[in-house]
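Every chain is numbered from 1 and lettered A, B, ... according to where its sequence line falls, protein lines coming before strand lines.
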Amino acid sequence: MGTCNCKTPWDELNEVIEAHRGQESALIEVLHKAQEIMGYLPRDVQEAIAEGLRVPLNKVYGVVSFYHHFSVEPKGKYQIAVCNGTACYVKGAPAVISSLEEELGIRAGETTQDGKFSLAAVRCLGACSLAPVMTINQKAYGLVDADKAKEIIKQYE
Amino acid sequence: MIRTLEDLREFKIQQEERSRQEKADKQAKILVGMGTCGIAAGAQEVYEAICDELRQQGIEDVVVAQTGCIGFCAQEPLAEVILPDRQVLYGHIDAEKARKIVTDHIAGGQVITEWAVNGGSLLPKEQQAEAEIVNVGDVPFFKTQVRIALKNCGVINPESLGEYIARDGYQSLAKVLTEMTPADVIEEVKKSGLRGRGGGGFSTGMKWEFAHKQPPGQKYIVCNADEGDPGAFMDRSILEGDPHSVVEGMAIGAYAIGANKGYVYCRAEYPIAVKRLNLAISQAKEQGLLGENILGTDFSFDLEVRLGAGAFVCGEETALLASIEGERGEPRLRPPYPAVSGLWGKPTIINNVETFANIAPIIRRGSDWFGSIGSENSKGTKVFALAGEINNIGLAEIPMGTTLREVIFDIGGGIPEGKQFKGAQTGGPSGGCIPAEFLDTPIDYDNLAKLGTIMGSGGLIIMAEDTCMVDLARFFLDFTQEESCGKCPPCRVGTTVMLDMLNRIVEGKGEVEDLEKLKELGENIKAASLCGLGQTAPNPVLSTMRYFWEEYEEHVRDKKCRAGVCTALFQYYIIPEKCKRCGICAKVCPVKCISGDRQTPYVIDQELCIKCGACMEACPFDSIIKQ
């Protein structure tokens, strides 16, 4: 054990907080980085940020809960995002979402019990020529339909 | 380091020399379009396959480079083979095709006409192999486009400052810093007639003048790159394809208003745009085109990227400023306008990405040139993101005043599968719908306003006969209701009530009286909301009511959805006379509600049917209809 120099996520987080100590206006930036490092923003992370940036905890929570991007729940190992922008909607995104909901047994916005998949219906991803589009951990799949979507997630099981 | 005007000139000459040399040394250049949609469609694999194949065949005199979005998104991944005598734009390539292009075209000198967008790929199958290669600019999709904001997109490597400078980059900044006063710059931009491309359409020059007239001191310039309108991707493409044009436009704006600090507020959902923009900023800093005493003058300007966090309301300028300050993105009452009191209470100018991308060309080529393009009160061009039920999904930059018909049918190639055009939605959730009868209206700010919609940021979603306008309005309301920040009750409560009513209507539980109530409530929300989000949220409903009133009536009175979208309002039927009794429908039905046999036509048990449509899709004889 003693020989490992790798940083824990908390070490990394503390570095980020340290770099912005007392800078109230850096709150959103720090939250972005914190979520990148920790995966989500549980209460103890928010407390550390509040203390470091000298911002009341209620304000930190206010900001976290305001923006869709920030999550206080852990996300699945594979994060599925189905674009629900206008172009995708017109071309059948709702059927894709309901087919994945059925396949995974969760609703959009939830994570499977085994922590493997989380499903989200997201705002326009800007890849309208591939509508309907879904992404899994940033990898994009275009021109999907209800059946194709089920096939795609099987690759991740 | 580029410290003086002379350095910049020198740098440009060196770049030009380098590319001349490259042309002399190399027989060809292959450009791969690597914007978000290109990459999502597989451009990375194509790029690697080309490089690998060239290596394997020992071909060394070919340059392979990435470029931003070429704009013809429907044909992604795209790769352009540039030879001294001609350019061939290949569409829908994959790794295998890429290797064949290297073998046949590069090594063998044989153009693969049937894959070329400027050859046969868009023609009927039997004509493909025989087609002539034409200039890329003569392909109908590109032919009537006039590219100002997109001039470098799909042409240069967006990660190369040198290529930007070689195409006159930073010449305009140099010009304003050495030859023009801030007042001159404002006058020139005012004279050009440029209006805000983010949707509002306010005169950019006048906006700058407000901030310029504020007493000297700390001022800010902000670029709104929070492109939240679903179905719009123009700003993303500019940031990904030509980030320096935005940096230069912002620096010029900063000089004009007297700001020394700027922010680009960009969506976190656009990772490639953020990466390339950050790279452009650091390159410009490294070369001294941002920072202290730019080009040896007194002007200093620093630029930073701030990420959004997924809140549509942050596209509203006062909410955007709150977000940059690290607060919840809630708008505030105007006045005071940000030009007077913005970021941290200081005068702040906020313009959209496309607006900034127009600045350098205006300065370089003059306001008269810019003013000669477009219509009476809407000068220049507008970039539209064509999406939805249209063949050529992509970016079209057209002179203001072009008709919707030209955009949809000439550039956009019409509606797929022979469907009928039903309407076009501009301005996203804040805009409205334009029905077929106004296809010949020239597109500009004023004409769109007259039709009850807005220019918006440039999303243009095409809808065909199988789109239900009531459901579409419900979709947008669902969006704005969820994105309402909750600060003011007309928007928070009003959009919720409107959405409830629309949900009832699409579920077949609406009453005839609901329609008038819906309209009245919409008007009230428009009048009473605090910010642009609420003031425009009812637009999609009001505008579809204006043009498609009979569809609303059918939903509430006859409980019918003519487009066959609202599942509570239609049923699937098997036409007994057309049924061939093959039983395929019964086999695919997931709830086993179809019965029949070789003797009797099949029928659907409407009580059990879940309206999934699987039977209709599977029927080989088109015997199943929905009505």
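Looking at every heavy atom in both residues, Ala87(A) comes nearest to Gly388(B) through CB-N, 4.0 Å. The two residues Arg328(B) and Ser65(A) have their closest heavy-atom pair at NH1-OG, 3.9 Å. The shortest heavy-atom contact between Ala311(B) and Tyr67(A) is CB-CD2, 3.7 Å. Heavy atoms only, all atoms of each residue included: Ile393(B) and Lys91(A) are closest at CD1-NZ, 3.9 Å. Annotation for Phe66(A) and Val313(B): closest pair CZ-CG1, 3.9 Å, computed over non-hydrogen atoms.
Separating the SG atom in Cys128(A) from the CG atom in Leu386(B) is a distance of 10.5 Å, to the nearest 0.5 Å. In this structure, the separation between OG1 on Thr86(A) and CG on Leu472(B) is 7.5 Å, given to the nearest 0.5 Å. Taking CD of Glu617(B) as the reference point, atom CG of Asp145(A) lies at 8.0 Å (rounded to 0.5 Å).
Between chain B and the options Val30(A), Leu31(A), Asn84(A), heavy-atom pairs under 4.5 Å are most frequent for Asn84(A). The greatest number of non-hydrogen atom pairs below 4.5 Å with chain A, out of Gly42(B), Gly329(B), Cys485(B), is found for Gly329(B). Counting heavy-atom pairs closer than 4.5 Å to chain B, the top residue among Cys83(A), Ala131(A), Ser129(A) is Ser129(A). Here Arg267(B) is the residue among Gln75(B), Glu330(B), Gln425(B), Arg267(B) with the most heavy-atom pairs under 4.5 Å with chain A. The candidate with the highest count of non-hydrogen atom pairs below 4.5 Å against chain B, out of Glu24(A), His32(A), Glu29(A), is His32(A). Between chain A and the residues Ala268(B), Ser323(B), Gly428(B), Gly394(B), the most heavy-atom pairs under 4.5 angstrom are made by Ser323(B). The candidate with the highest count of non-hydrogen atom pairs below 4.5 Å against chain A, out of Ala309(B), Ala41(B), Ala385(B), is Ala309(B).
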Item to check | Stepwise salt bridge (charged side-chain N to carboxylate O under 4.0 Å, His left out) test for Arg123(A) and Glu227(B) | outcome: CA-CA 11 Å; Arg123(A) 298 299 182 220; Glu227(B) 189 171 48; over 6 Å; no

Checklist entry - Should Asp229(B) and Cys124(A) be marked as a side chain to side chain contact (heavy atoms under 4.5 Å, CB included) after you check the CA-CA gap, both sets of side-chain angles, and the distance that decides it? => result CA-CA 8 Å; Asp229(B) 169 2; Cys124(A) 189; over 6 Å; no

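Residue contact with chain A, scored on non-hydrogen atoms closer than 4.5 Å, involves the side chain of Ile461(B) exclusively. Using a 4.5 Å cut-off between heavy atoms, Phe476(B) touches chain A through its side chain atoms alone. Using a 4.5 Å cut-off between heavy atoms, Leu130(A) contacts chain B through its side chain alone, with no backbone atom that close. Residue Pro271(B) touches chain A through its side chain alone, counting heavy-atom pairs closer than 4.5 Å.
In summary, the side chains of Tyr89(A) and Asp471(B) do present a donor paired with an acceptor at a separation below 3.5 Å, with no hydrogens or angles considered. For the residue pair His68(A) / Glu483(B), a side-chain donor-acceptor distance below 3.5 Å is found, with atom types taken as modelled.
No more than 12 heavy-atom neighbours from other residues, nucleotides or ligands sit within 6.0 angstrom of CZ on Arg43(A). Remark: Glu47(A) CD is packed, more than 12 non-hydrogen atoms of other residues, nucleotides or ligands lying under 6.0 Å away. Dense packing is recorded around NZ of Lys150(A), with more than 12 heavy atoms of other residues, nucleotides or ligands lying under 6.0 Å away.
Salt bridge status for Lys59(A) with Glu327(B): present, with a side-chain N to carboxylate O gap under 4.0 Å.
Listed for the His69(A) side chain is no donor-acceptor partner under 3.5 Å among the backbone atoms of Glu269(B).
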